[in-house]
Amino acid sequence: MSVVASVVFLVGGVSTFVGRGARGRVIGLAVMATGALLWFVAGAPGAAATWWLVGKAGVTLLGMLAVATWLARRLRDEARGPAPHGRPSEDATAIGTIRQPPPDSLDEGRP
Amino acid sequence: MSWWLALVIVLPVGGSVLTSFARGRPGPVVPLGIAAATTAATVGLTAAYFTGGTPGGARLAGPAALELTVLADGLAVAMLLMTSVTALAVTAFGAVEDRRAPRDRHPGHWPLWFGLWAALHLLFLAADLLTAYLMFEAVGTAAAVLVVLGGERRRFLAGTRYLYAELASSVTALLGIALIWREVGDLAYSAIGPALTDAPAGWWAIGLLTTGLLMKVPLVPLHLWLPSAHSLAPSAVSPMLSGVVVKTAFVVLVRLWFGGDGEVLTPSAAQLLGGLGVVAIVWGSLAALRADGVKELIAYSTLAQLGLLFLVPPLVEAGASNAWTGGLFHAVAHAPAKAALLLAASVLVADTGRSSVEGLIGSAARRPMATLAIGIAAVSLVGLPPSAGFVGKWFLLLASIEVGQWWWVLPNAGGSLLTVAYLMRLIRPAFAPPPARVGPPPARVGPPPGTSGDSTTPVDTAEASPITSARDLRDGIALALAATTLALGLSPAGLLGLLEAAAPLGTVTVGPVGTLAATASWLQGLLEITPVPGLLETTPAPGWLA
């Protein structure tokens, strides 16, 4: 189990730092997180305290990954342009519009 | 003491809930009231600590790992004071901005702001690694979203990269925590050290956890996310990021390394960390010397100042009594100085609409109070007496001499010279006369000057705002926060006592009176001065000054 956890963690780490695009990085981070949580289970499988730790850490990681996914999607949607009929997307009104500056080289979301 | 512990956590949490029910636009009074109440609770906790004389704690009952443990020792109380004083000033600054331009504040700002404050308090109070980890997640998420709220694309990208870096560092640290759990079966700071050093995978656990936390600090070369995130963050957010949030990982690291009886840090690893600190001092200072933007310069300054903190590991590992006190004093003193610098710089940038250093030309005449705040903050960051910055650096110098590690004196002193060089880039233009304008002023292409919120919009206009009166509260808030560094420098005994009480085992704590006597003795030996009988004798003061 510890070997599997290490491999999962390393694969996630490589894809996070080498992968292109916001979505690739979020997926890589999620795989890394899975590997780290598997190490908890590998240490003391079946122990209630271990599963409690995994639960606490896992829930907070899910929250952060959800926010990261949402940000990545906003970047992708903003790169693709406005919604049909010129209306702002729901995400744009939820967090506030992303004002359009002149083009620059920091294009994270463009294909 | 438990009541105060509860209040310092419940009040900011309540503030987050209350401001979210107010649809995020509660006006200036509600956030200011919550901030004042939280700061008062922190002062109450400090008073209870000094009255009781021993650390207080609380634990939600349950079997191992099924509990939340908080411990208010001297280090935690000092960090809570640093957080509350800085956050109070920044909240007041934001409240004044809201009064000037209420619609510029994003509805999510205040709920996230108080959530960040609560998470910071819990993180500093955490007595075990998992509680600290959970609070790291909360702090990182809240801080990253605060950076992106309602901003332009560059700020959005910077905040997103910040969150990615936080996630990567958190997951790396989590793997270290998982290994510690596997090897030790306990995550309390006090239990980790002795058990981990004998464990087969102990060094892997320490290495992974240290690497993850160094990314959070961040220590050069793991710093790539910081300059853009801090320089592009809103004016009511970046002081907290640069002043307080960057200290969280360092506090957890020193608790991990020096919290128990075991020797978690080897001499070579400690020297390596010190070397990386020197690299950070030099690299951050050189980058600040080349930076074009005001907030960009200050962000690189943060990297350099954080590098100085990493002179602590090699000196404490060698048993230096003053390194613990000096390094942590520097960490606390840096927060109000950096926050005041950023608040004042935000005022000047918003005044002219120019984010570059050239935009500060003539600011001493337009905004004398903000310029004075920058000057006072600069004195503390350089480490000149009687500021608080001097006390921390002086103790680190003494520690280097005490254990014979002379090579740390050069980066300590040299860092101060580099700090003078890059901060003079902010101060010198302030006293320069504005250039004479030829022809009509250029058309404005951005938001009018003096508005709140996004003072980092890269608008380049040469039109200066009218001279504003000193009644602008934002200048006064920055100046008041800068003045706290002088007050702390003139009376450091209280904070020194808090930090000395939490000093790790194996180091001898020496009060400030004793330190002055030791310094005098060293100078006497160096200069072969004939001692005057009775001059160097000190009478230990009662309590923590002995």
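Convention: sequence-line order gives letters A, B, ...; per-chain numbering from 1.
Nearest heavy atom pair, residue B:Leu167 against residue A:Ala68, reads CD1-CB, 3.9 Å. Listed here is the closest heavy atom pair of B:Leu134 and A:Lys56: CD2-O, 3.6 Å. The minimum heavy-atom distance between A:Phe9 and B:Thr172, with the atom names listed, is CZ-CA, 4.1 Å. Closest of all the heavy-atom pairs between B:Ala178 and A:Ala36 is CB-O, 3.8 Å. Across all non-hydrogen atoms, the minimal contact from B:Val171 to A:Leu29 is CG2-O, 4.4 Å.
Note that CG of A:Leu71 is 12.5 Å distant from CZ of B:Arg161, once rounded to the nearest 0.5 Å.
Taking B:Leu179, B:Leu208, B:Leu175 one by one and counting their heavy-atom pairs under 4.5 Å with chain A, the maximum is reached by B:Leu175.
A:Trp39 has its side chain out of reach of B:Leu174: every pair of non-hydrogen atoms, C-beta onward, lies at least 4.5 Å apart. In this structure, the side chains of B:Phe136 and A:Thr60 stay at 4.5 Å or more apart for every pair of heavy atoms. Annotation: side chain of A:Phe40 is in contact with side chain of B:Ile177 (closest heavy-atom distance under 4.5 Å).
Heavy atoms closer than 4.5 Å to chain B are found nowhere in A:Val54, neither backbone nor side chain.
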